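Some notes on the structure that comes next.
For clarity, every value in this text was computed on a predicted model and none was experimentally measured.
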Amino acid sequence: MNKQTAGIHHITAIVGHPQENVDFYAGVLGLRLVKQTVNFDDPGTYHLYFGNEGGKPGTIITFFPWAGARQGTIGDGQVGVTSYVVPKGAIVFWEERLAKFNVPVTKMERFGEQYLEFDDPHGLHLEIVEREEGEKNTWQFGDITPDTAIKGFGGATLLSAQPEKTAHLLEQVMGLKKVSEEGDFVRFQSSADIGNIIDLKRTPIGRGTMGVGTVHHIAWRAEDDQDQLEWQKYVAENGYGVTAVRDRNYFNAIYFREHGEILFEIATDPPGFAHDETFETMGEKLMLPEQYEPRRQQIERVLIPFQVRELD
């Protein structure tokens, strides 16, 4: 059996104060807060989801905000850089917008593409690149229009403790295609039109430490529950210890740590984020899984309040 993931489903990171997180990803980057819930394993902490107007796979970045938590170190065993893709011709808008909000930006080129590199308020490394592929994001927020809005993920840069083994996994197990090599990077591509480019750094830089400003895991797409069960079996057959299926309410998930020490998840595309709220009201209030609903008052007392604010 050979399998092939369509690409990135979501990326999950650890950050600091939730208001700072929301101000940056909604207020500055213009993403839609499509779901506010809690960490199912630690209900005293938010789990916030940002994406395009529909919260489609390949657009979703999620956060565990821990105000006052220890700062992490980006390094091997992590996603080093999360890449966002915008429409052709929009990069000048983003350069000006980031300057408007006093976000330092570095311009660079990789694989013939121009990137804007910058950090979020908690130290996560981000970048923006223009590409034709991918449908426009119709979510309008502040001064951002569909002609300039972030479509979703361009991809990610992986930092591996054993790059050759990670490369083998990406190509031979996950089904990505190696498309180019340049300097210290190898580029892989999946079949989707967004969330489809993975750049793997060939040289380890030293192990990362988990904390604020680091990516917790990267999730790959499974078409549905049956496809995910096939992935679970396939990953195990290829020598990786994989978890049981876990119900995350908006998708089902399995996890395994690859040999380069990066935590991988495989998540189902359905059911998505509108099954417990309407499409129009997604993200407007705290949604709890059934097991935590009886504890709502206690949970809400612990969580730090925040607002989605237009900053323009």
Side-chain angles (χ1 to χ4, degrees), residues 5-15 18 21-22 25 31-52 54-66 78-79 82 152-153 156 174 192 195 210 214-236 240-258 262-279 281-296 299-300 302-303:
T5 180
I8 298 170
H9 184 282
H10 67 268
I11 291 173
T12 295
I14 300 168
V15 291
N21 177 246
V22 172
Y25 286 88
L31 300 174
R32 182 181 185 183
L33 176 63
V34 295
K35 191 66 58 178
Q36 52 171 307
T37 182
V38 293
N39 182 335
F40 288 7
D41 301 316
D42 178 15
T45 303
Y46 283 115
H47 196 174
L48 304 180
Y49 294 73
F50 298 83
N52 74 350
K56 293 183 178 179
T59 77
I60 294 293
I61 192 163
T62 94
F63 296 102
F64 302 133
W66 279 306
Q78 297 176 358
V79 172
T82 299
F153 293 125
M174 304 308 297
M210 197 60 66
T214 63
V215 170
H216 185 267
H217 64 266
I218 182 170
W220 306 91
R221 294 174 64 179
E223 292 178 7
D224 52 29
D225 290 339
Q226 180 58 42
D227 187 39
Q228 185 180 63
L229 291 175
E230 292 175 8
W231 273 111
Q232 185 185 44
K233 180 180 179 182
Y234 185 60
V235 167
Y240 299 89
V242 61
T243 67
V245 175
R246 297 176 184 174
D247 182 356
R248 299 308 193 194
N249 206 0
Y250 311 107
F251 48 85
N252 286 330
I254 57 175
Y255 302 85
F256 66 100
R257 195 170 295 276
E258 54 87 42
I262 305 166
L263 182 59
F264 277 15
E265 175 183 342
I266 299 176
T268 55
D269 281 0
F273 296 97
H275 73 87
D276 59 353
E277 298 180 272
T278 67
F279 180 90
T281 62
M282 287 193 307
E284 292 183 2
K285 64 178 184 177
L286 179 69
M287 304 301 296
L288 296 177
E290 187 176 319
Q291 67 267 31
Y292 291 136
E293 193 58 53
R295 296 168 54 188
R296 175 175 284 274
I299 289 169
E300 288 181 339
V302 171
L303 296 173

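Below 30°, between 30° and 60°, or above 60°: for Y25 and F50 the angle between ring planes is between 30° and 60°, a tilted geometry. Using a 30° and 60° split on the angle between ring planes, F64 and W66 fall in the tilted class, from 30° to 60°.
Scanning all heavy atoms of the two residues, the minimum distance from V79 to A156 falls at CG1-CB, 3.9 Å. Nearest heavy atoms, G44 versus L303: O-CD2, 3.4 Å. Pairing each heavy atom of W231 with each of A222, the nearest pair is CD1-CB, 4.1 Å. Taking every heavy atom of both residues into account, Y292 and F40 meet most closely at OH-O, 2.6 Å. Residues Q232 and A244 approach most closely at NE2-CA, 3.7 Å, considering heavy atoms. When all heavy atoms are compared, the tightest approach of T281 to T278 is OG1-OG1, 2.7 Å.
One finds the CD atom of E223 at 12.0 Å from the CD atom of Q228 (value rounded to the nearest 0.5 Å). In this structure, CZ in R257 is found 12.0 Å from OG1 in T243, a value given to the nearest 0.5 Å. In this structure, OG1 in T82 is found 7.5 Å from CD1 in I218, a value given to the nearest 0.5 Å. In this structure, CG on N39 lies 14.5 Å from CZ on F63, to the nearest 0.5 angstrom. The distance from atom CD1 of I11 to atom OG1 of T59, rounded to the nearest 0.5 Å, is 11.0 Å. A distance of 12.0 Å separates CG of N252 from CG of D269, quoted to the nearest 0.5 Å.
H47 pairs with exactly one of T62, T37, D42, D41 by the side chain to side chain donor-acceptor pair (under 3.5 Å) rule, that one being T62. Here the options are F251, F264, W220, the test is ring-ring contact (aromatic ring centres under 6.0 Å, His included), and the partner is H9; only F251 passes.
A heavy-atom distance below 4.5 Å is not found between the side chains of I266 and T5. A heavy-atom distance below 4.5 Å is found between the side chains of P289 and V38. Contact check for I254 versus L229: no side-chain heavy atoms found under the 4.5 Å cut-off.
Without hydrogens or angle criteria, H275 side chain to N249 main chain gives a donor-acceptor distance under 3.5 Å. With hydrogens and angles ignored, the 3.5 Å screen pairs no side-chain donor or acceptor of R32 with any backbone N or O of G283. Looking only at distances, no side-chain donor or acceptor of Q36 sits under 3.5 Å from a matching main-chain atom of Y46.
Annotation: cation-pi pair R248/Y255 absent, no NZ/CZ under 6.0 Å from the ring centroid and within 45° of its normal.
For the pair E230 and K233, the salt-bridge criterion is not met [side-chain N within less than 4.0 Å of a carboxylate O]. One finds no salt bridge joining E277 and K285 here, because no Lys/Arg side-chain nitrogen approaches an Asp/Glu carboxylate oxygen to under 4.0 Å.
With 3.5 Å as the limit, one finds a donor-acceptor pair spanning the side chains of E265 and H10.
The environment of E290 atom CD is sparse: at most 12 non-hydrogen atoms of other residues, nucleotides or ligands sit within 6.0 angstrom.
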Inset, instruction - Go through the steps for I60 and K35 under the test side chain to side chain contact (heavy atoms under 4.5 Å, CB included), then give the verdict. - result: CA-CA 10 Å; I60 294 293; K35 191 66 58 178; over 6 Å; no
Legend entry - Step-by-step side chain to side chain contact (heavy atoms under 4.5 Å, CB included) determination, L286 to R296: CA-CA 9 Å; L286 179 69; R296 175 175 284 274; 4.0 Å; yes
